[in-house]
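Worksheet for the structure shown next.
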Amino acid sequence: MTERQTMPPEPPKGAGPDEIIADIERTRAHLGDTVEELADRATARGREAAYLAGGLVAAAAVLVAAALWWRRRRAT
């Protein structure tokens, strides 16, 4: 589900049990699709955050190593 969808229409007033059951099934399917889409979005955002955090940790490690190397070089 890539674009926002609206809820399925409700059964008309005075609908029979079969129509109500069909409406419940459509609503459950729609809810399942919505939950799946939200989970996919959360997973994608989590992966993006993990990549960003990994890059920041790597950059920090390089800076610390460079600072230590520079200190050692100045001490000798």
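What you see is a predicted model, and the numbers here were worked out from it, not measured in a lab. No hydrogens, no waters, no symmetry mates; every other heavy atom, side chains included, goes into these values.
In the hydrophobic clustering, Val64 connects to Leu68, either directly or through intervening members, whenever side-chain heavy atoms lie under 4.5 Å apart.
With sequence neighbours left out, Arg47 forms a side chain to side chain contact (heavy atoms under 4.5 Å, CB included) with Thr43, Ala44, Tyr51.
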For a side chain to side chain contact (heavy atoms under 4.5 Å, CB included) check, start with the C-alpha distance between Arg28 and Leu31, then their side-chain angles and the critical distance, and finish with the verdict.
CA-CA 5 Å; Arg28 282 184 181 159; Leu31 180 60; 5.6 Å; no
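Put simply, CZ on Arg26 and CG on Asp23 are 5.0 Å apart, with the number rounded to the nearest 0.5 Å.
Counting only distance, with no hydrogens or angles, the side chain of Glu37 and the backbone of Thr34 share no donor-acceptor pair below 3.5 Å.
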